[in-house]
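Below: one structure, written as structure tokens.
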2 protein chains.
Amino acid sequence: MAARTVEERVQRPSADATRERILFAALDLFSERSFEGASTRLIAEKAGVQQPLLTYHFGTKEELWRAAVGQLFEDLAGSLAERVAGLRGVEDEAVAKLVVADFVRFSAAHPQLHRIIMQECKSEGDRLAWLVAQHIRPLYEGAVALLEPLKAAGKVRDVSAAHLYYLLTGAAATIFVLAPECRLLTGVDPLDPSEVERHVDAVISMLFVP
Amino acid sequence: MAARTVEERVQRPSADATRERILFAALDLFSERSFEGASTRLIAEKAGVQQPLLTYHFGTKEELWRAAVGQLFEDLAGSLAERVAGLRGVEDEAVAKLVVADFVRFSAAHPQLHRIIMQECKSEGDRLAWLVAQHIRPLYEGAVALLEPLKAAGKVRDVSAAHLYYLLTGAAATIFVLAPECRLLTGVDPLDPSEVERHVDAVISMLFVP
DNA sequence: GTCTATAATTAGATAGAC
DNA sequence: GTCTATCTAATTATAGAC
């Protein structure tokens, strides 16, 4: 998001709200229907504005996608950083378990995150390169820094860093990404808060050595 | 695929090959670009035919999608059924480990399977309903029948059936679905045969109690 | 069975009024 | 800042020749 002065904000109080509504609608539709499947007309309709207004605020469809996705990744990074900062002095294994639990809860609260990743990271392209460079690499490096020392100490299962990362993210997120399938197939709503907590426990039991 | 007599096949030897080439191209493009993102013109181009020929052979884009996806799911079901049939008399836990290993290897050899699932099962719609009714439910029930007795015997981690299913499928498939991201992010090619076997071991170590 | 040509619809982006 | 009207290109599907 471009820097903006306080004066500009005060002069255009409603434009910010419009931008936010567009970003919210865009994230929902991009994540459910993919970049190509979500038309700018439908995003505009969901946001309660006319389609050319998206061009006015964001330029192209691609830039709108980056703004919406970037905001979500920043939410995740902020939420994890805040958790780690609040745990200075706590034992490493306990920190890791709390961070993993937070990650699972974030994945449940924001299934759009992994839906976007699953869409854009399965074939090469500009959006994959941008996502990895801007947002995914820092998360991966944070995960490695958190888990590798515990693996060396025998507290996390002995699996190479790449495999461990995809085991963790796949196991944590898939049930929420596929929530509509899960409801139809099993009758269980994975987004129900008690099911989210069961999933937290399940992921931790698979990742950490008892 | 509609039933066809031997006579018809013999009369039109090249039409079958054309159909197969179209199905192959369709599966690749649908799985990489999503249903909306894969244009019938591009599928035709990849198959080396003109676009109206898809209509001739498959009617609509939706029916082409079902034919391509159905064939892949039947491959998986056939491959798992064959493995189970070849293991009559073998101990339950060993059977389950071999079936899980086969499932991981199939996911590596055919990342299209989980790419399609990830695309279509994240929001309600006709394609989700069709996939679950025709293909996913039998797989889920097979997985439950295989793993629930082992869970009761303490040989598989104690997690409810729905969570276990999504833990298994998510952990098994995500690294292959996101192979381009994995290469860029970690430098590891998850489709390398030795990496596939490492992933088999990793999934089994997370799922089964040692 | 496969092609060329094209109809009908929808897409993202632009022009210009207010 | 938001709208209406419209441009150009791309989409799926159809018609009809060979």
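All values derive from a computational prediction rather than experimental measurement.
There is no side-chain donor-acceptor pair under 3.5 Å between B:S79 and B:E82. A donor-acceptor pair shorter than 3.5 Å cannot be found between the side chains of A:E181 and B:Y140.
As a whole-Å value, the separation of A:L64 CG from C:dA11 C1' is 15 Å. One interatomic measurement links the two molecules: CG of B:L42 to P of D:dA10, which rounds to 13 Å at whole-angstrom precision. Between the NZ atom of A:K61 and the P atom of C:dA13 there is a distance of 8 Å, given to the nearest Å. Going from atom CD of A:E63 over to atom P of C:dG12 covers 15 Å, rounded to whole Å. Here D:dT11 presents its P atom at 13 Å from CG of B:L54, a figure rounded to the nearest Å.
Contact between the side-chain N/O atoms of A:T40 and the OP1/OP2 oxygens of C:dA13 is not found at any separation under 4.0 Å. Side-chain N/O atoms of A:S39 include one lying less than 4.0 angstrom from OP1 or OP2 on C:dA11. Close to D:dT2, at under 4.0 Å from its OP1 or OP2, lies no side-chain N or O of A:Y56.
Using a 4.0 Å heavy-atom criterion, one finds that B:A44 contacts no nucleic acid atom at all.
For DNA chain C, none of the residues of residues 27-37 of chain A falls under the heavy-atom distance limit of 4.0 Å.
Ring geometry for A:H135 versus A:W130: interplanar angle over 60°, hence perpendicular rather than tilted (30 to 60°). A:F35 and A:F30 have parallel rings, their planes meeting at less than 30° on a 0 to 90° scale where 60° marks the start of perpendicular.
The salt bridge (Lys or Arg N to Asp or Glu O under 4.0 Å) analysis of residues 194-203 of chain B, with sequence neighbours excluded, yields the pairs B:R105-B:E197, B:E195-B:R198.
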Are there any protein N/O atoms within less than 3.5 Å of an N/O atom in nucleotides 3-7 of chain D, and if so, which ones and at what distance?
residue : atom : partner : partner atom : Å
D:dC3   : OP2  : A:Q50   : N            : 3.0
D:dT4   : OP2  : A:Q50   : OE1          : 3.4

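For A:E32, the side-chain hydrogen bond (donor to acceptor under 3.5 Å, both in side chains) criterion is met by no residue, not counting sequence neighbours. For A:F58, there are no ring-ring contact (aromatic ring centres under 6.0 Å, His included) partners at least two apart in sequence or on another chain.
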Output a table of donor-acceptor pairs, distance under 3.5 Å, between side-chain atoms of residues 112-121 of chain A and any protein atom two or more places apart or on a different chain; print 'none' if there are none.
residue : atom : partner : partner atom : Å
A:Q112  : NE2  : A:D28   : OD1          : 3.0
A:H114  : NE2  : A:S107  : OG           : 3.0
A:R115  : NE   : A:V177  : O            : 3.2
A:R115  : NH2  : A:F176  : O            : 3.4
A:R115  : NH2  : A:V177  : O            : 3.1
A:Q119  : NE2  : A:S31   : O            : 2.8
A:E120  : OE1  : A:R127  : NE           : 2.8
A:E120  : OE1  : A:R127  : NH2          : 3.2
A:E120  : OE2  : A:R127  : NE           : 3.4

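The existence of a salt bridge linking A:E63 and A:R66 is excluded, since no basic side-chain nitrogen approaches an acidic carboxylate oxygen closer than 4.0 Å.
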